[in-house]
Each structure stands twice: as structure tokens, then as C-alpha cells.
S.K.: 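Attaching a single structure in C-alpha cells format; questions to follow.
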Amino acid sequence: MVKANLTVISNFIFLGFTHYPKVKVIIFVLCLLMYLITLLGNIILISITVLDSYLHKPMYFFLSNLSFLDIWYTSSALTPMLANFVSGKNTISFSGCAVQMYLSLAMGSTECVLLSMMAYDRYVAICNPLRYPIIMNKSVCVQIAAGSWMTGCLTALVETMSVLRQSLCGNSIINHFTCEILAVLKLVCVDTSRIQLIMLVISVLLLPMPMLLICISYAFILSNILRISSVDGQRKAFSTCAAHLTVVVLFYGTALSMYLKPSAIDSQEIDKFIAFVYAGLTPMLNPIIYSLRNKEVKTTVKKLLIRNPLCAFLIPSSK
């Protein structure tokens with residue numbers, strides 16, 4: 001079936017934001033800025049967690065994984081879009097579309113699982129601080145990260161193959177700026193109820209289920225924090241969770257609105273805007289949020305600036 005599609009459709013055409021020609025340049029500049037900031041912010045965050053031994057902790061190990069997948073996710077979505085803006089060709093090959101769809105699904109799915117594991121890490125750190133180094137040892141952290149990546153990659157493979165094996169009837173126009181699975185699914189001319197069921201099951205496993213684990217973890221965390229008699233102790237405990245909670249709300253808010261919205265609400269333009277936020281804004285804000293809300297990260301950045309003043313041109317100092 002895939003071979004048949006390859007002979008009929010060798011390239012897809014993106015409609016993108018062609019309905020808004022007056023803001024085309026503005027969209028390009030925004031995409032470019034978001035992509036550059038995302039690359040710079042996440043690369044810096046990965047670098048300082050690797051270079052500074054003080055940050056060799058489970059929380060920053062998971063944060064490095066989050067930054068790494070954000071780089072891949074943004075690159076898979078925005079790089080072809082920027083290239084099309086420059087070349088003026090809103091096209092992508094069938095194989096390129098398959099790779100783009102797989103990467104975006106794999107990175108997004110992995111982030112769903114990883115964020116829930118980071119919530120569990122915060123639960124153990126706050127509710128069982130004495131046993132934290134034993135429970136969250138290096139071997140366990142590696143296994144959790146590997147499990148998150150395997151889950152995301154395997155579910156993405158199932159979804160991608162389920163869609164691209166279907167007959168597309170020669171229709172090659174994608175009303176989107178990327179090979180987003182829901183946009184490509186609309187090109188399928190056969191019954192898609194089976195594919196939609198597969199996607200629904202995977203979406204439930206990767207969105208509500210991890211969210212439930214996050215809610216349970218933070219319910220225990222909140223209960224534990226309220227029992228702390230010291231105000232400074234409560235503030236410190238809250239500060240360690242604030243950045244993660246902000247990222248969770250931002251990520252899951254856009255993901256739920258895209259993949260688990262009612263079928264009656266079907267606006268392709270709204271989907272494009274949500275995907276734009278999901279692919280560009282969220283990965284860009286993640287390192288900023290963790291840097292601004294985390295004293296250890298800010299301290300490490302300041303030490304790096306003192307050791308190498310040239311970094312001041314790349315890393316904005318935080319007060």
C-alpha cells in the first residue's frame with residue numbers, strides 16, 4: 001500500500017498560512033526567532049547540566065532529556081517551514097513527510113511520559129528526601145528515561161504507519177504548515193474509524209494517564225508541603241515544583257486541545273495556531289521557565305559567566 005502511494009504521490013503541498021499573505025513575513029520572523037531561541041536556550045541548559053557536577057542530579061538529568069527532545073521536535077516542525085519560506089516552495093517529499101510526522105509524534109509522546117516521570121521525581125524528592133538518592137539512583141533514572149523514549153518512539157511508529165499505509169487517492173494538498181497527523185489523515189479517502197480508534201487509545205494512554213500520575217504526585221507533594229512548619233521550607237519546596245508545573249500546564253493544555261477536542265469542533269485554522277504554539281512557543285519557553293524559576297540553574301549560569309566572560313554575549317544574566 002505504501003509503494004502505491006509513493007508512485008501516485010511523491011510530494012505533498014502545504015497550504016500553511018497562505019490565507020494570510022499580509023503577515024507572511026511576520027510569521028517567518030517569528031518562526032526564525034522562536035527556533036533560534038529554542039536552540040540556544042536548550043543547548044545552554046544541556047551544556048550547564050553536563051559541565052557542572054553540582055547539577056548531576058536526577059531532576060537535571062530528566063531536564064536534559066526534555067531539552068534534547070525539544071530541540072528535535074522544534075527542528076522537525078519549523079526547519080522545513082523556514083526552508084519553504086526562503087525557497088518559496090511549499091512542498092515536502094513523501095518520505096520527508098513520513099519522517100517529519102514520526103519525529104513530531106515521537107518527541108511529543110516521549111515528552112508526555114517524561115513530564116509524568118519528572119513529577120514522580122519531585123514527589124520522591126519532597127516526600128521521601130532521605131531515601132531519594134537510593135530510590136532515584138543513576139540506574140533507575142536511566143531506565144525511566146529509556147522507557148519514556150521507547151514508549152514515545154513505538155507509539156509514534158504505530159500511528160505513522162497506520163496513516164501512511166492508507167490510500168490517499170492522489171490528493172497531495174495538506175492544509176497545514178507541517179505533516180501533522182490529523183491534517184494528513186484528512187487526505188485519506190477510505191474509512192478511517194480504525195485509525196481514529198488507534199489514535200484515541202494512544203492519546204488516552206499518553207495524555208490523561210500521565211496527567212493522572214502528575215495530579216496524584218502533586219497531591220502528595222502539596223499535602224507534605226503543608227505539614228512543613230517553616231515558611232522558608234514551604235517556599236523552597238514550592239519553588240522546586242513551580243517550573244515543572246508551569247511546563248506541564250503549557251504542554252498538556254495545547255496537547256489536549258489538539259488531540260482530545262470534541263469532533264464537532266473542527267477548525268483547521270485553530271489547529272494551525274495550536275500546532276504553532278505546540279511546536280514553537282512551548283519548547284522555546286521551557287528552558288526560560290526552568291532558568292528563571294530555579295536558583296541552582298541561575299547560580300550555575302553566573303559561575304559560567306565569571307569563568308568565561310565571552311558567554312555573557314550568549315547568556316543573559318539574571319538578577
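Below, each value reflects all heavy atoms present in this structure, side chains not excepted, and no hydrogens, waters or symmetry copies.
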S.K.: Honestly curious: do Val249 and Met211 fall in one hydrophobic cluster under the side-chain, below-4.5 Å linking rule?
M.R.: no
S.K.: Does any donor atom in the side chain of Thr38 or Thr74 lie under 3.5 Å from an acceptor atom in the other side chain?
M.R.: no
S.K.: Can you give me the closest heavy-atom contact between Cys112 and Tyr252, atom names plus distance?
M.R.: O-OH, 2.7 Å
S.K.: Does Ile134 belong to the same Ile/Leu/Val/Met/Phe/Trp/Tyr cluster as Val124, with side-chain heavy atoms less than 4.5 Å apart forming each link?
M.R.: no
S.K.: Could you state the interatomic distance from OH (Tyr73) to CG (Leu78), rounded to the nearest 0.5 Å?
M.R.: 9.0 Å
S.K.: Return the set of residues passing ring-ring contact (aromatic ring centres under 6.0 Å, His included) with Phe251 (not counting sequence neighbours), or none when no residue passes.
M.R.: Tyr278
S.K.: I want to check something: taking the side chain as every heavy atom from C-beta on, are Val163 and Glu159 in contact at a cut-off of under 4.5 Å?
M.R.: no
S.K.: For the pair Leu36 and Leu40, evaluate side-chain contact (heavy atoms from CB on, under 4.5 Å) and give the outcome as yes or no after the intermediate values.
M.R.: CA-CA 6 Å; Leu36 293 177; Leu40 181 62; over 6 Å; no
S.K.: Are Asn128 and Tyr123 close enough that some pair of their side-chain heavy atoms sits under 4.5 Å apart?
M.R.: yes
S.K.: Heavy atoms, side chains only, cut-off 4.5 Å: are Leu66 and Leu63 in contact?
M.R.: yes
S.K.: Any idea which heavy atoms bring Thr160 and Ala98 closest together, and the distance?
M.R.: CG2-O, 4.0 Å
S.K.: State, to 0.1 Å, how close Asp70 and Glu111 come at their nearest heavy-atom pair, and which atoms those are.
M.R.: OD1-OE1, 3.1 Å
S.K.: Side chains of Cys179 and Ile174, heavy atoms from C-beta outward: is any pair under 4.5 Å?
M.R.: yes
S.K.: Quick one, Ser109 and Thr151 - any side-chain contact, counting heavy atoms below 4.5 Å?
M.R.: no
S.K.: Looking at CG of Leu51 and NE2 of His56, how far apart are the two atoms once the value is rounded to the nearest 0.5 Å?
M.R.: 7.5 Å
S.K.: Are Ile202 and Met209 connected in a single hydrophobic cluster, I mean Ile/Leu/Val/Met/Phe/Trp/Tyr linked by side-chain heavy atoms less than 4.5 Å apart?
M.R.: no
S.K.: May I have the step-by-step check of side-chain contact (heavy atoms from CB on, under 4.5 Å) for Leu182 and His176, ending in yes or no?
M.R.: CA-CA 10 Å; Leu182 295 178; His176 212 284; over 6 Å; no
S.K.: Using every non-hydrogen atom in the two residues, find where Gly96 and Ser93 come nearest and quote the distance to one decimal.
M.R.: N-OG, 3.0 Å
S.K.: Ignoring hydrogens, what is the shortest heavy-atom contact between Ala156 and Ala106? Give both atom names and the distance.
M.R.: CB-N, 3.3 Å
S.K.: Do Ile126 and Leu245 belong to the same hydrophobic cluster, where Ile, Leu, Val, Met, Phe, Trp and Tyr are linked whenever their side-chain heavy atoms lie under 4.5 Å apart, directly or via other members?
M.R.: yes
S.K.: In terms of hydrophobic clustering (I, L, V, M, F, W, Y; side-chain heavy atoms under 4.5 Å; direct or indirect links), are Leu154 and Leu205 co-clustered?
M.R.: no
S.K.: What is the distance from atom CD1 of Ile92 to atom OG of Ser172, rounded to the nearest 0.5 Å?
M.R.: 12.5 Å
S.K.: Hey, does Val113 have a side-chain heavy atom less than 4.5 Å from the side chain of Leu206?
M.R.: yes
S.K.: Please check: side-chain N/O of Asp121 versus main-chain N/O of Met117, any donor-acceptor pairing under 3.5 Å?
M.R.: no
S.K.: For a 4.5 angstrom cut-off between non-hydrogen side-chain atoms, does Met118 reach Leu115?
M.R.: yes
S.K.: How close do Leu114 and Phe62 get, heavy atom to heavy atom, and via which atoms?
M.R.: CD2-O, 3.8 Å
S.K.: If you round to the nearest 0.5 Å, how far is CG of Leu197 from OG1 of Thr192?
M.R.: 11.0 Å
S.K.: Quick check for you: to the nearest 0.5 Å, what is the distance between Thr155 atom OG1 and Met150 atom CE?
M.R.: 11.5 Å
S.K.: Hey, is OH on Tyr132 packed in by over 12 heavy atoms from elsewhere, all under 6.0 Å?
M.R.: yes
S.K.: Not counting sequence neighbours, which residues clear ring-ring contact (aromatic ring centres under 6.0 Å, His included) with Phe61? List them please.
M.R.: none
S.K.: Hey, what's the ring geometry for Phe85 with Phe28, parallel, tilted or perpendicular (30° and 60° as the breaks)?
M.R.: perpendicular
S.K.: Can you see whether Gln143 engages Ser139 through a side-chain donor-acceptor pair at a distance of less than 3.5 angstrom?
M.R.: yes
S.K.: Could you check Val158, Leu157, Leu164 and say which one makes a side-chain contact (heavy atoms from CB on, under 4.5 Å) with Met161?
M.R.: Leu157
S.K.: Indicate yes or no for a side-chain donor-acceptor contact from Ser223 to the backbone of Ala219 under 3.5 Å, with no hydrogens or angles considered.
M.R.: no
S.K.: Is there a side-chain contact between Trp149 and Leu69 in this structure, where contact means two heavy atoms from C-beta onward sitting under 4.5 Å apart?
M.R.: yes
S.K.: When you check the side-chain N and O atoms of Ser104 and Glu180, is any donor under 3.5 Å from an acceptor?
M.R.: no
S.K.: How far does CD1 of Ile181 sit from CE of Met199, to the nearest 0.5 angstrom?
M.R.: 4.0 Å
S.K.: Can you list the steps and then say if Ile144 with Met136 is a side-chain contact (heavy atoms from CB on, under 4.5 Å)?
M.R.: CA-CA 10 Å; Ile144 289 175; Met136 299 300 292; 4.0 Å; yes
S.K.: Check the pair Met107 / Ser76 against side-chain contact (heavy atoms from CB on, under 4.5 Å), numbers first and verdict last.
M.R.: CA-CA 10 Å; Met107 298 303 104; Ser76 67; 5.7 Å; no
